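Heavy atoms only: backbone and side chains are in, while hydrogens, waters and symmetry mates are out. Every value quoted in this text rests on a predicted model; they were computed, and no experiment measured them.
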Amino acid sequence: IQTMRNLFLVLAISIATLSIQAQTVRNSCKWDDQVKKKCKHDLKPYHYYAFKITKITFTAKSQFKEVEVPLFHDANYRFVFNTEGLHQDVKIEIYDKPASNSSRKKIYDGTSHERHFVYDPPKNVTHNRIYIDYIIPASNNSDASVVDKGCVIFYSGFKN
């Protein structure tokens, strides 16, 4: 019986290894000096505050990712989004409260189709946090042997 278990374990590991090797990962994420320069340039005249890379793996099901961004009360903000690292469009929404709060208000609504864009939220909607929601559609790739990955690069800047 122990020999059968060992044989089954070896067979299961072999099959898992083959299925992993059979998949090709296509990562479209662009995080290079050119993207960094473009994002930092578009923050001007605001002072750089932070950046966040949100990695996305497209799957057979649609997905939702929320990023919480802490803010200073007395500052104006500029947000720079770069989505050149996505081969498929995602919806980008900004809210004043997290998805778990039913009284939240939408501040911004757009898509990654723009590839690189700037958004200056009105000061009256940026309290101590904002929430960026990425609504990710199901993969449009029909080839199951290819896993599509990408990213959204977010920079924020402030001025008083």
Side-chain angles (χ1 to χ4, degrees), residues 19-20 23-160:
S19 65
I20 290 170
Q23 288 191 325
T24 303
V25 175
R26 181 173 57 187
N27 191 345
S28 304
C29 187
K30 285 184 70 174
W31 175 236
D32 56 23
D33 287 339
Q34 181 182 359
V35 171
K36 291 176 192 177
K37 286 178 187 174
K38 190 186 311 188
C39 290
K40 286 183 178 179
H41 176 268
D42 286 347
L43 279 179
K44 292 178 184 176
Y46 292 74
H47 303 286
Y48 168 80
Y49 173 57
F51 81 94
K52 168 83 175 141
I53 298 174
T54 302
K55 295 180 180 180
I56 295 172
T57 299
F58 291 92
T59 63
K61 292 185 176 182
S62 60
Q63 303 167 66
F64 170 84
K65 288 190 178 205
E66 185 165 75
V67 176
E68 180 180 352
V69 180
L71 304 172
F72 303 118
H73 282 289
D74 60 345
N76 290 309
Y77 283 89
R78 170 164 288 171
F79 302 144
V80 178
F81 291 88
N82 184 290
T83 60
E84 294 172 20
L86 292 174
H87 77 282
Q88 187 175 330
D89 287 340
V90 300
K91 194 166 179 51
I92 300 170
E93 298 175 346
I94 301 176
Y95 290 89
D96 63 341
K97 295 180 178 119
S100 59
N101 190 317
S102 61
S103 69
R104 71 185 189 151
K105 292 182 179 68
K106 191 183 291 185
I107 300 168
Y108 175 81
D109 189 3
T111 69
S112 62
H113 179 70
E114 297 174 62
R115 295 295 174 225
H116 185 90
F117 55 96
V118 174
Y119 173 66
D120 294 340
K123 191 172 184 176
N124 65 336
V125 298
T126 55
H127 305 294
N128 63 340
R129 307 186 179 290
I130 56 108
Y131 298 85
I132 303 170
D133 292 355
Y134 299 112
I135 296 95
I136 306 156
S139 176
N140 61 12
N141 183 0
S142 59
D143 185 353
S145 70
V146 176
V147 176
D148 285 318
K149 294 185 174 196
C151 64
V152 177
I153 298 166
F154 167 77
Y155 270 74
S156 65
F158 73 96
K159 67 179 179 178
N160 293 40

(Q) By the salt bridge (Lys or Arg N to Asp or Glu O under 4.0 Å) test, which pairs, at least two apart or in different chains, include something from residues 38-54? (A)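 The answer is Lys38-Glu84.
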
(Q) Suppose the criterion is salt bridge (Lys or Arg N to Asp or Glu O under 4.0 Å): which pairs have a residue in residues 65-80, not counting sequence neighbours? (A) Glu66-Arg104, Glu68-Arg129, Arg78-Asp120

Which atom names give the shortest non-hydrogen contact between [X] and [Y], and what distance separates them?
X      : Y      : value
Ala138 : Ala60  : CB-O, 3.2 Å
Ala99  : Phe64  : CB-CZ, 3.8 Å
Ala75  : Asn160 : CB-OD1, 4.1 Å
Ile107 : Tyr95  : CD1-C, 3.6 Å

Hey, could you give me each pair passing disulfide (SG to SG under 2.5 Å) that has a residue in [range]? Not counting sequence neighbours.
range            : result
residues 73-102  : none
residues 131-160 : Cys29-Cys151
residues 71-117  : none
residues 56-115  : none

Rounded to the nearest 0.5 Å, how far does [atom2] of [Y] lie from [atom1] of [X]?
X      : Y      : atom1 : atom2 : answer
Asn76  : Tyr46  : CG    : OH    : 5.5 Å
Gln63  : Ser139 : CD    : OG    : 9.5 Å
Phe58  : Asn140 : CZ    : CG    : 8.0 Å
Leu86  : Ile136 : CG    : CD1   : 8.5 Å
Asp32  : Ile153 : CG    : CD1   : 8.0 Å
Ile135 : Ser62  : CD1   : OG    : 10.0 Å

**Q.** side chain to side chain contact (heavy atoms under 4.5 Å, CB included) assessment of Leu71 paired with Asn128
**A.** CA-CA 5 Å; Leu71 304 172; Asn128 63 340; 5.8 Å; no

Who pairs with [X] by ring-ring contact (aromatic ring centres under 6.0 Å, His included), at least two apart in sequence or on another chain?
X      : result
Phe81  : Phe117, Phe154
His116 : none
Tyr131 : none
Tyr155 : Tyr48, Phe51

Q: State, with a plain yes or no, whether a side-chain heavy atom of Thr83 is found less than 4.5 Å away from one of Ile92.
A: yes

Q: Evaluate the side chain to side chain contact (heavy atoms under 4.5 Å, CB included) criterion for residues Gln88 and Asp148: first the C-alpha distance (whole Å), next the side-chain angles of each, then the deciding distance (0.1 Å), finally the verdict.
A: CA-CA 9 Å; Gln88 187 175 330; Asp148 285 318; 5.6 Å; no

Q.
Among residues at least two apart in sequence or on other chains, which ones pass disulfide (SG to SG under 2.5 Å) with Cys39?
A. none

Q.
Is there a salt bridge (charged side-chain N to carboxylate O under 4.0 Å, His left out) between Asp133 and Lys91? Walk through the geometry before answering.
A. CA-CA 8 Å; Asp133 292 355; Lys91 194 166 179 51; over 6 Å; no

Q. Considering residues at least two apart in sequence or located in another chain, which fulfil the salt bridge (charged side-chain N to carboxylate O under 4.0 Å, His left out) criterion with Asp89?
A.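 Here the qualifying residues are Arg115.
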
Q: Establish, yes or no, whether a centroid distance under 6.0 Å links the rings of Tyr108 and Phe79.
A: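 When the ring centroids of Tyr108 and Phe79 are compared, they turn out to be at least 6.0 Å apart.
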
